[in-house]
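Structure record follows, encoded as C-alpha cells.
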Amino acid sequence: EADRKRQQQEDAARQKEEAERVRQLAASNYKKLLGEARDLLRGKKYDDAIAKLYEALKNGPESEETELIFAEVAFGRKDGAHVAEYVDGILKTNPKNADAWFLRARMWLQTKWPDKAGPDLDEAIANRKGFVDALVARAAFREERGDLKGAGADAEEALKADPQCTWARL
C-alpha cells in the first residue's frame, strides 16, 4: 500500500513537471510567433502577419499585445474602423496603454478629422514618460496648428528622452 501511494505521488510530480515544461514551451513559442508577426507587419506583409497571429493564438491567450498587432495590421491596411474597434477594446480594459493611444492618434492624423489626434497624443505621452515617437508626432501636430511654443517643448522633451532623435533637432 505504501509503495503504491509513493508511486502515485511520484507519477503526479512527474505529470506536474511535464505540464509545466509544456506550458513554458507554449509560452516561448507564443512570444516567438508574436515577434515574427511584428516583423511581418514591419515588412507590410499583412496577410502573413495575421496568419502568424492566429498561429500564436493556438499557443497562448488573446492578449492586449495580440489585439494591438491586429490593430496595427488594420492601420497598415488603412482600415480605420477596425483600428478603432481594436484600440477601443484595449483601452476599455487598460486605459493606460500608451501604444493604443498613439496608434489611434496616428489613425486620426490620416483621416478627415486630424484634430481628434491631439487628445490621444496627450494620453499616449501622459501614460509613458519619454515616449519619443508620440512626442515627435505631437510636436509636428502642434507646429501645424501654430503652437510653436508647445512644439518646441515636445521637441526638447523628445531630445531629453533620446539625444539621437534627429527630428527633434530640426
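Computed from a prediction, not measured in an experiment: that's the story for all the values here.
Here the shortest heavy-atom pairing between Glu157 and Gly130 reads OE2-N, 4.3 Å. When all heavy atoms of Ala49 and Val73 are compared, the pair lying nearest together is CB-CG2, 4.1 Å. Between Leu159 and Cys165, the closest heavy-atom pair is CD2-O, 3.5 Å. Heavy-atom minimum distance, Ala155 versus Ala139: N-CB, 4.2 Å. The shortest non-hydrogen separation linking Ala134 to Leu121 is O-CD2, 4.0 Å. Residues Arg38 and Leu68 share a closest heavy-atom pair of NH2-CD2, 4.3 Å.
Rounded to the nearest 0.5 angstrom, Glu67 CD and Thr93 OG1 are separated by 8.5 Å. For the atom pair CG of Asp162 and CG of Asp133, the computed distance is 9.0 Å after rounding to the nearest 0.5 Å. To the nearest 0.5 Å, atoms CG (Asp120) and CE (Met107) are separated by 7.5 Å. Of the inter-residue distances, the one linking Lys116 atom NZ with Thr111 atom OG1 reads 7.5 Å to the nearest 0.5 angstrom. For the atom pair CD of Glu64 and CG of Leu91, the computed distance is 8.5 Å after rounding to the nearest 0.5 Å. Taking CG of Leu34 as the start and CD of Glu65 as the end, the distance is 4.5 Å to the nearest 0.5 Å.
Taking 4.0 Å as the cut-off between side-chain N and carboxylate O, Asp88 and Arg104 count as a salt-bridged pair. For Arg77 and Asp47, the salt-bridge test passes: some basic side-chain N is under 4.0 Å from an acidic carboxylate O.
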- request: Take Leu135 and Lys160 through the test side-chain contact (heavy atoms from CB on, under 4.5 Å) and record every step on the way to the result.
  value: CA-CA 11 Å; Leu135 286 162; Lys160 281 182 197 169; over 6 Å; no

message: Test side-chain contact (heavy atoms from CB on, under 4.5 Å) on Arg128 and Asp99; report intermediate values, then the result.
response: CA-CA 9 Å; Arg128 183 183 304 151; Asp99 292 315; 2.9 Å; yes

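Looking at Asp115 and Arg145, their side chains come closer than 4.5 Å, going by heavy atoms from C-beta outward. Residues Leu33 and Leu53 are not in side-chain contact: their nearest non-hydrogen atoms beyond the backbone lie 4.5 Å or more apart. Annotation: side chain of Arg138 is in contact with side chain of Arg142 (closest heavy-atom distance under 4.5 Å).
Sequence neighbours left out, the pairs with a member in residues 91-132 that pass ring pair (Phe, Tyr, Trp, His ring centres under 6.0 Å) are Phe102-Phe131. Among residues at least two apart or in separate chains, ring pair (Phe, Tyr, Trp, His ring centres under 6.0 Å) pairs with a member in residues 52-77 are Tyr54-Phe70, Phe70-Tyr86.
Taking Lys44 as the reference, Tyr46 meet the side-chain contact (heavy atoms from CB on, under 4.5 Å) condition, with sequence neighbours excluded.
Under a hydrophobic clustering in which Ile, Leu, Val, Met, Phe, Trp and Tyr are joined whenever their side-chain heavy atoms come within less than 4.5 Å, directly or via other members, Tyr30 and Ile50 fall into the same cluster.
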